[in-house]
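Below: the structure, in structure tokens.
Protein chains get the first letters and strands the later ones, always in sequence-line order, with residue 1 at the start of each.
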Amino acid sequence: MEYNHKQIEQKWQQYWAEHKTFKAENNSPKPKFYVLDMFPYPSGAGLHVGHPLGYIASDIYARYMRHKGYNVLHPMGYDAYGLPAEQYAIQTGTHPAVTTEKNIARYRQQLDQIGFSYDWDREVQTCDPFYYKWTQWTFIQLFNSWYDNKSNKAQPIEKLINAFAANGNEGIVAACDETEPFTAEEWNAMGEKAQQELLMNYRLAYLAETWVNWCPELGTVLANDEVKDGVSERGGHPVERKRMRQWSLRITAYAQRMLDGLDTIEWSESIKEVQRNWIGRSEGASVNFAIDGHNEIIEVFTTRPDTLYGATFMVLAPEHELINTITTADQKEEVDTYVTWAKNRSERERMTEVKKVTGVFTGAYGINPLTGEKVPIWTADYVLSGYGTGAIMAVPGHDSRDFAFARQFQLPIIQVVCANDDQPSDPATWEESYDSKEGKMINSGIINGLEVKEAITTIIKHIEDNKFGYGTINYRLRDAIFSRQRYWGEPFPVYYKDDMPYTVDESKLPVELPEVDKYLPTESGEPPLARATNWETEEGYRMETNTMPGFAGSSGYYLRYMDPTNDKEYFSKEAADYWQQVDLYLGGDEHATGHLIYARFWNKFLFDIGIAPKDEPFKKLINQGKIQGRSNFVYRVNGTNKFVSKGLRSEYETTALHVDINFVHNDVLDTEAFKNWREEYKNAEFILEDGKYICGWEVEKMSKSKYNVQNPDELVVHYGADTLRLYEMFLGPLEAHKPWDTNGIEGVFRFLKKTWKLYHNENNEFDVSDEKATAEELKVLHKAIRKIEDDITRFSFNTAVSTYMICVNDLSALKCNKREILEPLAILLSPYASHMAEELWQLLGHEGSVEYIDFPEFRKEYVEENTFEYPVSFNGKMRFKITLPVDMPKEEAEKAVVEAEEAQKWIEGKTVRKIIVVPKRIINVVVV
RNA sequence: GCCCGGAUGGUGGAAUUGGUAGACACGAAGGACUUAAAAUCCUUUGACCAUUGCGGUCGUGUGGGUUCAAGUCCCACUCCGGGUACCA
């Protein structure tokens, strides 16, 4: 039989499904290994060749680990909530569940035909009530928890309530909103509503009025990571700042642990760095400035408390709550105008006009706590309401933004730090501020003469002793906005009583997504769920109408895979104790500030409440690179319907046009297919070179409009899944971004046919001999075993493919058809060319799957040699080779080299200074 | 601006610890088989010089350095890709 990939692949895919070959057991004496892919959002476009890249790599690893005796958990599911299905629903009225189900079916069919070794019995879909019950359950736990900075973990809210009832909030050190001190008596005297409101300051899932990213086009708020460059990540619509009452998750409570945890996990340095920046820890001090003529104070955060003597003005963000209070009558109009203007600017405008310095004086003065001097208070939008306290002390001498502002509005500049190799100078002559932390303090009272670093610690102590501030740490990370005004998401398990939110009883979960007549907001602007009839509890309390964001369902899905059919709990303790955490996680690095932040937070919380077994969810993370498109171009001679081949285009005035890559093979255009593509090309003429039309090419994003989208289906039909699997790996290092280019796929296909032939005679009959293998054959095999294992374990999936090729090429040259070689080779191939390996294994006379057969053991005695062919170089340049025994003493080797015939012409007339012999590597002769 | 990647033949890439640069594959050229095509097989293929053969010179973005030896380490720079930002 010839290599018939279609028949073989169908047969084994069916076998695997019927026999549940890849079923993972929660009880097993074997060591466990958990390999996870980031689950996909099932879009209408289906899979393109970029998706399977990571899936194939993880599949190879999973299969390899099974051969090595591990009980492997390798599940797949769907991140099924998402905007596209909902936008489609708005346009067509089709329920998003219907669209989603259809898309999932297509994804499944595409995944199946590539032959992944998923345990499909563990599939999860985030939109399935059976699954999102646990998303809702987790939300309830978050609602009922607060973060105790003393024990440094989440604690039950009852503990807090008990503490309040006993001692008020004295002695409570929590991650919370600013809360006035109160006593036990005060607490006990409060009504329920007041108590609930107060508790809201502490809950890890809380409802609060906050500045949010509002996207009018999508009709919803977005989290910070869902906004890129001032527009929505999905759809690219403008985003505004708006104050709204929203659910948030107090992820900031975990900022330090999220930062520390990064040092304990095996992720790429770059993605850790992105997360560190996103968390944005900075050390500094909080300093209180009194306001002249007011009782209020302005609290500022600064990383440079040492420059406090150089603070010559203050700036409040336009959103700052004290602006109204402190603005003087004669400045009021100007300030109001400015504040209104600044607030209404879109994020996008604000970002693109960064260079433009704007601001207005409020008329009020702050008092520098060190000098007692009055400094003017301004408002300007270069101070952000979302960072620190939304207020700064401006030190124009040593901060470039303050410097620009001072110059613009002619505010005084004082030098307080002097570079060590410089003399103090008049700031009026400066062209830029001196921002460096190197230097000595001047004009700075009690810290004069100190180095910046000493000055910082000294001044913080002084500030604390005099009680006008304290040393503190600030994070850029914001709490995660957790409500969306959309239909297609998890409903909150929340109802409202007396306008205060309460969670529904856990026994009532899941709160199922209700039907609505339209997937749009109501006339009064409420979210779509407000359209549902009887959207209230049995007692008649109204239900929350927001839904949860996309990251809700994906933040804990890896835990649910451990025990996905459990209807009593999220997952059993036994399952969690067995699987612990994900050992290897594969996915794109675009999730660095979204999913990978939220999932770590989610997991840490579940760890705190004692159900997740590990503090970190993903032990090792690999980011597969993006597959870019490779577009092809034809060159139309301007004003004609003639197309000129690439090499001749310089002779004409031409326009390059994208051409569908399906009409192009190895950059040669199928002119007939091109003519039939579109009516306008029916009569196209071609100017050929060497009888061919050669297309130009370029690497671009894969997109429909560029006609460069490669869908794996047609490749599977033509070459088979095994070829696709090998080829995607052969493309290059897993983590590199690389263009998709089918030009090399033939080579991989040839390799598989060649492999098949090893097991078959010239009449295509299976023909394997039981003869003893030669030393040479064994050496070829064992060199491959060593290299393949080494490559897979260091995730170098591309080089393993070359190793297979070398091995098969060598065995073909040796005309080897011996069972002693070909049987281990079939196992060796199984992680990559899984279908063929199964078929060969069966042809070799075995019952059942090759999947759990032990990986061939590398035996070094087969590859060891007693001689080595040394490259001999003279002054570092390789000149000839000499074969010497590996155990030859250096002196003898040196002698052998110098006496070698080929050496004479390099030594002649020169002196041999030195000979370096590196055993089993190289011999270098230094001559002068 | 800052942070992180990267730059090796016509192309994708290999070279794991400083030790033969270009594995493996594509493409290209030539050839075998064939009525023909497909498939398969063989030879050549970094550049330049030499060519009857032996060979030789240069060569991993650029310029310097360390070393017996540098794609690999160090310093400076150029370009490309990605991320991120009035973050006080």
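Rounded to a whole Å, the CD atom of A/E269 is 13 Å from the P atom of B/G6. Nucleotide B/A14 holds its P atom 15 Å from the CD1 atom of A/I788, rounded to whole Å. One interatomic measurement links the two molecules: CE of A/M729 to P of B/A14, which rounds to 13 Å at whole-angstrom precision. The CG atom of A/L884 sits 20 Å away from the P atom of B/G19 (whole-angstrom rounding). Summarising the geometry, the separation between NE2 on A/H760 and P on B/U40 is reported as 16 Å, rounded to the nearest angstrom. For the pair A/M393 CE and B/A88 P, the computed distance is 12 Å after rounding to whole Å. Per the geometry, CH2 belonging to A/W740 stands 15 Å off C1' belonging to B/G13, to the nearest Å. When rounded to the nearest whole Å, the span between CZ of A/R794 and C1' of B/A14 equals 10 Å.
Rounded to a whole angstrom, the distance from the C1' atom of B/C79 to that of B/U62 is 10 Å. Taking atom P in both B/A7 and B/G61, one finds a spacing of 8 Å when rounded to whole Å. Distance check on atom P: B/U44 versus B/C54 gives 13 Å, rounded to whole Å. With P as the reference atom, B/A28 and B/G55 are 31 Å apart, rounded to whole Å. B/G22 sits 23 Å from B/G30 when the C1' atoms are compared, rounded to a whole Å. For the P atoms, the distance from B/A37 to B/A47 is 29 Å, rounded to whole Å. Here, B/U11 and B/U84 have their P atoms 32 Å apart, quoted to the whole Å. Nucleotides B/C74 and B/G81, compared at atom P, are 25 Å apart to the nearest Å.
Nucleotide B/G9 is shown with a syn base, its glycosidic torsion being within 90° of 0.
Contact check on A/E789 versus A/K787 returns no salt bridge, with no Lys/Arg side-chain nitrogen under 4.0 Å from an Asp/Glu carboxylate oxygen. Salt-bridge formation is not detected for the pair A/D790/A/R786: no Lys NZ or Arg NE/NH1/NH2 atom is positioned less than 4.0 Å from an Asp or Glu carboxylate oxygen. Remark: A/E432 does not engage A/R407 in a salt bridge, criterion side-chain N to carboxylate O under 4.0 Å.
At the heavy-atom level, A/R750 lies under 4.0 Å from the strands shown only through sugar-phosphate atoms. A/K787 comes within contact range of at least one nucleobase, with a heavy-atom separation under 4.0 Å. A/I806 comes within contact range of the sugar-phosphate backbone alone, with a heavy-atom separation under 4.0 Å but no base atom that close. Residue contacts for A/R879: at a heavy-atom cut-off of 4.0 Å it reaches the sugar-phosphate backbone alone, with no base atom in range. Using a 4.0 Å heavy-atom cutoff across all strands shown, A/W906 reaches sugar-phosphate atoms only and no base atom. Contact annotation for A/S802: base contact, defined as any heavy-atom pair under 4.0 Å involving a base atom.
Comparing B/U17, B/A88, B/A14 against the side chain of A/L384 picks out B/A88 as the nearest. Closest contact between the side chain of A/T302 and the listed nucleotides B/U16, B/U84, B/A88 involves B/A88. The A/N743 side chain lies nearest to B/C26 when the options are B/C26, B/C87, B/U40. Checked against B/C86, B/A14, B/C87, the side chain of A/Y387 finds its nearest nucleotide in B/C87. Distances from the side chain of A/M878 to the nucleotides B/C86, B/A88, B/U20 place B/U20 closest.
Residue A/L752 holds its CG atom at 11.0 Å from CZ of A/R725, rounded to the nearest 0.5 Å. Here the straight-line distance linking atom CD of A/E869 with atom OG1 of A/T883 works out to 4.5 Å at 0.5 Å rounding. The structure places CZ of A/R750 at 5.5 Å from CD of A/E746, a figure rounded to the nearest 0.5 Å.
Here the closest heavy-atom approach between residue A/A893 and residue A/L884 is recorded as CB-CD1, 4.0 Å.
With hydrogens and angles ignored, the 3.5 Å screen pairs a side-chain donor or acceptor of A/D479 with a backbone N or O of A/I251. For the pair A/K272 (side chain) and A/L262 (backbone), a donor-acceptor distance under 3.5 Å is present.
Partner of A/V780 under the side chain to side chain contact (heavy atoms under 4.5 Å, CB included) criterion, out of A/N809, A/L811, A/I806: A/L811 alone.
Ring-plane geometry between A/Y3 and A/F749 is classed as tilted, the angle between the planes lying from 30 to 60 degrees on a 0 to 90 degree scale.
In this structure, A/R401 reaches the B/C87 phosphate: one of its side-chain N or O atoms is under 4.0 Å from OP1 or OP2. Listed pair A/N809 / B/A25 meets the phosphate criterion, a side-chain N or O lying under 4.0 Å from OP1 or OP2. Under 4.0 angstrom from either OP1 or OP2 of B/A14 there lies at least one side-chain N or O belonging to A/N798. Distances shown here put every side-chain N or O of A/K738 at or beyond 4.0 Å from the OP1 or OP2 atom of B/G12.
Applying the 3.5 Å distance criterion, the base of B/U40 shares no donor-acceptor pair with the side chain of A/K753. No hydrogens or angles were tested; on distance alone, a donor-acceptor pair under 3.5 Å links the side chain of A/D790 to the base of B/U16.
In summary, the aromatic rings of A/F880 and A/W906 are positioned with their centroids too far apart to meet the 6.0 Å limit. Between A/Y727 and A/Y719, the distance separating the two ring centers is not shorter than 6.0 angstrom.
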query: Dot-bracket, RNA chain B: Watson-Crick or G-U, under 3.5 angstrom, [ ] crossing, | other strand?
result: (((((((..(((......[....)))((((((.......))))))((((.....))))..(((((..]....))))))))))))....

field: Sequence-aligned protein contact record of nucleotides 59-76 of chain B, with B where the base is within under 4.0 Å of a protein heavy atom and S where only the sugar-phosphate is
entry: ---------BS-------

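Of the two residues contacting RNA chain B, namely A/P739 and A/Y475, the nearest-nucleotide position lying further toward the 5' end is that of A/P739. Comparing A/V274 and A/F301, the nucleotide of RNA chain B nearest to each residue sits closer to the 5' end for A/V274.
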